[in-house]
Amino acid sequence: MVYMSKKQRTAINPTREENFPKWYQSVVREADMAEMAHVRGCMVIKPWGFGIWENIQQILGQQIKDCGVKNAYFPLFVPLSYIEKEAQHVEGFAKEMAVVTHHRLENTENGLKPSGELTEPLIVRPTSETIIGESFASWIQSYRDLPLKINQWCNIVRWEMRPRVFLRTSEFLWQEGHTAFATAKEAYDDTIQMLKIYKDFSQERLAMPVIDGVKPSYDKFPGAIDTYCIEAMMQDGKALQAGTTHNLGTNFSKAANIMFTDTDGEQKHAHTASWGVSTRLIGGVIMTHADDNGLRLPPEIAPAQIVIIPIQRGKDEQEDAQVLEYAKKLKDSFKGLTFGKFNTKVNVELDDTLIKSSTKKWNWVKKGVPIQIEVGPRDIPENKFVARLRSEETYEKHFLTIDQIKTEIPKFLETIQKTYFDQAKERLDSSIKEVDSFDELKDLFAKDYKGFVLAPWNPCDEEDVRLKELKITIRCVPFEYKKEDKKCILTGEDTNIKAIFAKSY
RNA sequence: CGGGGUGUGGCGCAGUUGGCUAGCGCGCCUGCCUUGGGAGCAGGAAGCCGGAGGUUCGAGUCCUCUCACCCCGACCA
C-alpha cells in the first residue's frame, strides 16, 4: 500500500503516469466534454466539449474566410459511382464505408425490415472530394471561374475498427476545404498556405506546438500527389496528426472532369487541393494540456475563460442573496473585456447551481476553466474577489478589486495561454532525438522512449516492414531541419533528407 | 475481420468449490452540522447481476448461444 496524503490526491485516476489511455478517458468524462454514445463508434459531444468546437469553427472559420474561401454545403450521400471514379481513392476508403442500400422500412412479423432497395447504393461521405468534384465540374468552365475556393463544416463517417472519443470515432465533425486552380503552382501554394493557417491556429489558439511537413508518399491521401500535415506530440510522446492538406493535382479533376477553357483557348484540367481539421483537435488539446487534476483549457479556445463561484454559506438567506447579487455585478464588470493579441472576448460563467461551493470548485478545475473567481460575503464591502489560475499548480489566491479587472484579468489570461504553449513547446523540443542509424532508433524505442526521432531518410514508396514491426511510423519530412549529407537509416543510401519517426495515434 | 479480456445501482469495483434479504467506495436524496480548496454524522433512494435458452430443489456463480464494450493486431483525421 502506498501512503497517500490529501495533497497528493488527484482528481483524475488513474494518473497520466499510471495509465495514459484510461487517464484520457477519465479526463473527458470528468470534464463533462463527451461520452461514447450507445451507437457503435459514435460519440455524444456535450456542451463543454462542443463549446470548444464552436470556438474552433468561429475562429478558424473566419481565418479560412479571410483566405477568400466561401462556405457551402454538399450532400451527406455520395453515389457509389462517384467514388469509383478515382482508383486510389476507392482503394483507400473502401474498407471503412457506411453504405446505404435501402430507402424504406417494412413492418414484418419479425419486426422492421429494410425494403425498397436502391438501384445504386449510396455511400455516407468519408470525405467529399468526389461529390464536390461533380459540382466543380459544372461550375467551372473558364479560367475566369478560377480560382474556386469552397469550404464546408460537416460530419463524415469512416467505419473505424477501434473508436476513441475525439481521436477516432466512426462519425466525426470536421471542416473540409476544396479548391480548384488554373495552375499546378497555385494548387501547391494553396496547400502550403492552408497548412500554415492550421499551424498558426494550432499554436496560437490551441497552444499546441506542431511540426509541419510532408507525408511519405505511401501515407498520403488516397488520390493525392502530396499530403502535408501538422504533427503534435502528446504527453505520452506519441504523435497526433492534427491537420492535413492535400495537393490533388489533376487526379480528381480528371476523374470528375473538371475542365476549363484557358486564356489560350485550350481545354485544360483544373488543379485541385483539399484540406481539413476535425474534432480530433479537441483530443489533441486534452492530451497536450490536461494534467492529473483534469483538463486545462487554453483561454483562446475555452468556452468560458472565467467562472465565478459565489461562496454562499447557507446560514443567512439575506447574506447569500447579497453574495449572489454581488457575483452578478462582478460578472457584469467583465462586459466588453478582451484579452490577447487577437482581442478575444472574455466569456464569464456564473455558477449559481446549488452544488456545494467546495465541490463546485473542483468540478471547474476538472473542466479546465482558465480562471476561477470566488466571491464571498467578506469581499462585498471592499469590491474584492479572489482569482485562481488553472495554470498554477498551487491554485494560489490572487486578491483583486473590481476596478483591477480591466488591467489584471487580460494579463492573467495571456500568461495562462503562454504558459500552456511554453510547457508544451518545451516538452516537444526536448523530446526530439536525432539518430543516425536504425539500430539507435530501435534501441531507443526498445527502452520505452517517449518522443520523436529525427533521422536521415531517403524517401521511398513503400513502408519499411521493420518500422511496422516496431509500431513506428514516419510522421513527416519536416519543412525545417538542418540539412546534412548522411545515410538513410533504412536503406543506407545517401540522403540529405530527414524524417520524424514516432509512435502515433 | 483474427487473438485475448470484461460485462453486477450514475461511475469504479468485490462477490470463494452454486445456497438464504446481492455487497463496497465515490456520486445522488433528506436532516443536523459545516462552508474562502475535495468536511463530518445519521438516515434514505437506486440493480429482474448484458440478453436468450438450458442444467439444478436452488444460478451473479455451471453449460450453450448471442450482443456489447475494452486491450493486442490489420486500418485510420
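Residue numbering restarts at 1 for every chain, and letters A, B, ... go by the order of the sequence lines.
Set against B/G36, B/A77, B/G37, the side chain of A/Ile311 has B/G36 as its closest nucleotide. With B/G36, B/C76, B/G38 as the choices, the nucleotide that has an atom nearest any side-chain atom of A/Lys366 turns out to be B/G38. In this structure, of B/A77, B/G37, B/G36, it is B/G36 that holds the atom nearest to the side chain of A/Pro377. Considering only side-chain atoms of A/Arg158, the nucleotide from B/C76, B/G12, B/G37 that sits closest is B/C76. Checking B/G37, B/A77, B/C75 against the side-chain heavy atoms of A/Tyr395 singles out B/G37 as nearest. Closest contact between the side chain of A/Arg29 and the listed nucleotides B/C72, B/C11, B/A74 involves B/C11.
Across B/A46 and B/U8, the matching C1' atoms stand 14 Å from one another, rounded to whole Å. Separation of the C1' atoms belonging to B/C28 and B/G9 is 11 Å when rounded to the nearest angstrom. Taking the C1' atom of each, B/C62 and B/C72 are spaced 30 Å apart, rounded to whole Å. Separating the C1' atom of B/G60 from that of B/G47 is a span of 11 Å, rounded to the nearest Å.
Contacts between residues 356-364 of chain A and RNA chain B, counted as heavy-atom distances below 4.0 Å, involve A/Lys356, A/Ser358, A/Lys361, A/Trp362.
Taking the six-membered ring for Trp, A/His178 and A/Phe74 have ring centres at least 6.0 Å apart.
A/Val277 comes within 4.0 angstrom of no nucleic acid atom, judged by non-hydrogen atoms across all strands. A/Ala11 comes within contact range of at least one nucleobase, with a heavy-atom separation under 4.0 Å. Across all strands shown, A/Leu167 has heavy atoms under 4.0 Å from base atoms, whether or not it also approaches the sugar-phosphate. When heavy atoms are screened at a 4.0 angstrom cut-off, A/Arg388 is found touching base atoms of the nucleic acid. Here A/Thr227 lies out of heavy-atom contact (under 4.0 Å) with every strand. Within 4.0 Å of A/Gln241, counting heavy atoms only, lie sugar-phosphate atoms of the nucleic acid but no base atom. A/Gly376 comes within contact range of at least one nucleobase, with a heavy-atom separation under 4.0 Å.
Under the 3.5 Å distance criterion, with hydrogens and angles disregarded, a donor-acceptor pair is assigned to the side chains of A/Lys329 and A/Asn383. Using a 3.5 Å distance cut-off with no hydrogens or angles, the side chains of A/Thr127 and A/Glu129 do pair a donor with an acceptor.
Salt-bridge annotation for A/Lys196 and A/Asp200: present, with a side-chain N of the basic residue lying under 4.0 Å from a carboxylate O of the acidic one.
Below 30°, between 30° and 60°, or above 60°: for A/Trp174 and A/Phe172 the angle between ring planes is above 60°, a perpendicular geometry.
Note: CG (A/Asp219) to P (B/A74) measures 14 Å, nearest angstrom.
Base-pairing analysis of RNA chain B finds the following stems of at least three consecutive Watson-Crick or G-U pairs, with both pairing distances under 3.5 Å: B:1-7 with B:67-73, B:10-13 with B:23-26, B:28-32 with B:40-44, B:50-54 with B:62-66.
Here A/Phe77 pairs with A/Val100, A/Leu122, A/Val124 under the side chain to side chain contact (heavy atoms under 4.5 Å, CB included) rule; sequence neighbours left out.
Stacking between A/Trp174 and B/A77 is absent: the aromatic ring centre is not both under 5.5 angstrom from the base six-membered ring centre and within 30 degrees in plane angle.
For the side chain to side chain donor-acceptor pair (under 3.5 Å) with A/Trp275, the lone residue among A/Asn247, A/Asp190, A/Thr191 that qualifies is A/Asp190.
Of the two residues near RNA chain B, A/Phe93 and A/Phe399, the one whose nearest nucleotide lies more 5' is A/Phe399.
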